[in-house]
Amino acid sequence: MSEGRAQAAAAPRVQGLVVAAHRRHFSVLLADGARVDCVLKGRALALAVGDRVEVQLVVGGGAIEAVVPRRNLVWRSDAFKEKLLAANVTQVMAVVAPDLSLDEELLNRWMIAAESADCRYVVVANKADLPAFAALRARLAPFAALGYPVVEVAAKRDAAPVLPWLVAQHTVLVGQSGMGKSTLINALVPDASVRTTEVSAALNAGRHTTTATALYPLPAAGGDAWIVDSPGMKAFGLAHLDPAALAHAFVEMRPFLGQCRFRDCRHDREPGCAVAAAVAAGTVAPHRLALLHALVREAGGK
């Protein structure tokens, strides 16, 4: 055995948590609190922040050898590309604010992503101190009516209302640009900007780290709680979801699934469709059924 192989074989192998990524370079948080800059061995693996990995330590860093099986993966995809947001997530938290650019379809898509990954979905209504907030509350009423929590907060003043929702959770934060997501992160994690700068330098990512995801442990929230800050987004494709299972991600449609005349009903124009009847009765909103049809088409269904 060569000297180099002997040293590699003798190097300790430990487990850690991926907290930042840039191309094939990663920052991994070890159990003792140390952060190690790692490279990924092999081309078959695709990593996201939140992944637990096995790392072989070497002088000056480490090599990621394997990924521990995931609980789930939250990601977005379309016909051309995909973007991994976070692995092992228990909660998707969407940040919105009084703004004419607020895209309610994005809110619905994040909801479907959360349901499909078996995650809790929470809407954080930020900038509650603004005069226009009453209009935002009205726009969010349909989400509350579906049973999803809507947490009102003014993050610049006090982020405390959000804290109970982070207890013992692995949270990925999503939102459009300008909704106050970064303000919320900085309120929850006071040294977040410092950590981002340090990771950027370590991974040689430069300014591009601000467009990547980053994970921050939240020891004050109990257990191994953490939160992931994702880039602001204008679109959220879900082309990777199973067309046959998509309807189950719409909570208000679940009571009607399996009640249609035809077992393979697409809830479109088929006679005897229980979901279509629920739309006609006002139990299911027409735009939600239209979104289901759009997602099925994106996922390769007809």
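Every heavy atom of this structure was used, including side-chain atoms; hydrogens, water molecules and symmetry mates were not.
Contact of the Val189 side chain with the Leu218 side chain is registered, since non-hydrogen atoms from C-beta on lie closer than 4.5 Å. Side chains of Arg109 and Leu295 form a contact here, defined as non-hydrogen atoms less than 4.5 Å apart. Proximity of Leu29 to Pro217: side-chain heavy atoms (C-beta onward) are separated by under 4.5 Å at one or more points. Side-chain contact between Val49 and Trp226 is absent, with no heavy-atom pair separated by less than 4.5 Å. Residues Trp110 and Glu105 have side chains not in contact (no heavy-atom distance under 4.5 Å, counting atoms from C-beta outward). Contact check for Phe262 versus Pro271: side-chain heavy atoms found under the 4.5 Å cut-off. Side chains of Val96 and Asn126 form no contact here, defined as non-hydrogen atoms less than 4.5 Å apart. Side-chain atoms of Arg35 and Leu30, non-hydrogen and from C-beta on, never get closer than 4.5 Å to each other.
For the side chain to side chain donor-acceptor pair (under 3.5 Å) test, residues two or more places apart in sequence or in another chain that qualify with Ser77 are His240. Remark: Tyr148 pairs with Tyr121 by the ring-ring contact (aromatic ring centres under 6.0 Å, His included) rule, at least two apart or across chains. The side chain to side chain donor-acceptor pair (under 3.5 Å) check on Glu54 picks up Arg13, with sequence neighbours excluded.
Atoms CG and CG, on Leu173 and Leu215 in that order, are 12.0 Å from each other to the nearest 0.5 Å. Atoms CG and SG, on Leu47 and Cys38 in that order, are 10.0 Å from each other to the nearest 0.5 Å. Rounding to the nearest 0.5 angstrom, the gap separating the CG atom in Leu241 from the CG atom in Leu246 is 5.0 Å. To the nearest 0.5 Å, atoms CD (Gln169) and CE (Met93) are separated by 8.0 Å. Here the straight-line distance linking atom CH2 of Trp75 with atom CZ of Phe236 works out to 10.5 Å at 0.5 Å rounding. Distance OH/Tyr216 to CD1/Ile185: 6.5 Å, rounded to 0.5 Å.
Contact detail for Ser101 and Met179: the closest heavy-atom pair is OG-CE, 4.0 Å. Between Ala249 and Ile112 the shortest heavy-atom distance is O-CD1, 3.4 Å. The two residues Ala239 and Asp78 have their closest heavy-atom pair at CB-CA, 4.0 Å. In this structure, Gln259 and Ala274 approach most closely via the heavy-atom pair CB-CB, 3.7 Å. The nearest pair of heavy atoms linking Ala125 to Val150 is CB-CG1, 4.2 Å. Listed here is the closest heavy atom pair of Gln91 and Thr171: NE2-OG1, 2.8 Å.
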Verdict with reasoning, Val92 to Arg120, per side chain to side chain contact (heavy atoms under 4.5 Å, CB included)
CA-CA 6 Å; Val92 176; Arg120 183 169 71 179; over 6 Å; no

Can Glu252 and Arg288 be said to form a salt bridge (charged side-chain N to carboxylate O under 4.0 Å, His left out), step by step?
CA-CA 9 Å; Glu252 74 277 35; Arg288 293 275 288 174; 2.7 Å; yes

Take Val153 and Val124 through the side chain to side chain contact (heavy atoms under 4.5 Å, CB included) test and state the conclusion after the steps.
CA-CA 7 Å; Val153 66; Val124 174; 3.5 Å; yes

What do the steps show when you test Lys234 against Asp103 for salt bridge (charged side-chain N to carboxylate O under 4.0 Å, His left out), and what is the final call?
CA-CA 8 Å; Lys234 298 179 180 178; Asp103 187 339; over 6 Å; no

Starting from the C-alpha separation in whole Å, work towards a yes-or-no answer on side chain to side chain contact (heavy atoms under 4.5 Å, CB included) for Val123 and Val151.
CA-CA 6 Å; Val123 179; Val151 182; over 6 Å; no

Mind running side chain to side chain contact (heavy atoms under 4.5 Å, CB included) on His287 and Leu291 for me, showing each step along the way?
CA-CA 6 Å; His287 76 272; Leu291 176 60; 5.9 Å; no

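Judged by distance alone, the side chains of Asn88 and Arg52 never bring a donor and an acceptor atom under 3.5 Å apart.
No single ILVMFWY cluster, assembled from side-chain heavy atoms under 4.5 Å apart, contains both Leu84 and Ile64. Criterion: ILVMFWY side-chain heavy atoms under 4.5 Å apart, direct or through other members. Under it, Leu146 and Leu136 are part of a common hydrophobic cluster. Both Leu184 and Leu106 are part of a single hydrophobic cluster, where members link through side-chain heavy atoms under 4.5 Å apart. Residues Met233 and Val172 fall within the same hydrophobic cluster, defined by Ile, Leu, Val, Met, Phe, Trp and Tyr side chains chained together at heavy-atom separations under 4.5 Å. Follow the hydrophobic side-chain contacts under 4.5 Å out from Val95 and you reach Trp165 in the same cluster.
Between the side chain of Ser230 and the backbone N or O of Leu85 there is no donor-acceptor pair closer than 3.5 Å. Using a distance-only test at 3.5 Å, with no hydrogens or angles considered, a donor-acceptor pair links the side chain of Asn186 to the main chain of Ser182. Under the 3.5 Å distance criterion, the side-chain polar atoms of Asp32 are matched with a main-chain donor or acceptor of Ala34.
Glu115 and Arg254 are joined by a salt bridge, as a carboxylate oxygen and a charged side-chain nitrogen come within less than 4.0 angstrom of each other.
The one candidate from Asn72, Asp224, Thr90 that meets the side chain to side chain donor-acceptor pair (under 3.5 Å) condition with His170 is Asp224.
Annotation: side chain to side chain donor-acceptor pair (under 3.5 Å) contacts involving residues 269-284, sequence neighbours excluded, comprise Arg266-Glu270. For residues 135-144, the set of pairs meeting the side chain to side chain donor-acceptor pair (under 3.5 Å) definition, not counting sequence neighbours, comprises Glu104-Arg139, Arg137-Glu152.
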Name every donor-acceptor pair, under 3.5 Å, that has one atom in a side chain of residues 127-134 and the other anywhere in the protein, sequence neighbours excluded.
residue, atom, partner, partner atom, Å
Lys127, NZ, Gly178, O, 3.0
Asp129, OD2, Arg157, NE, 3.4

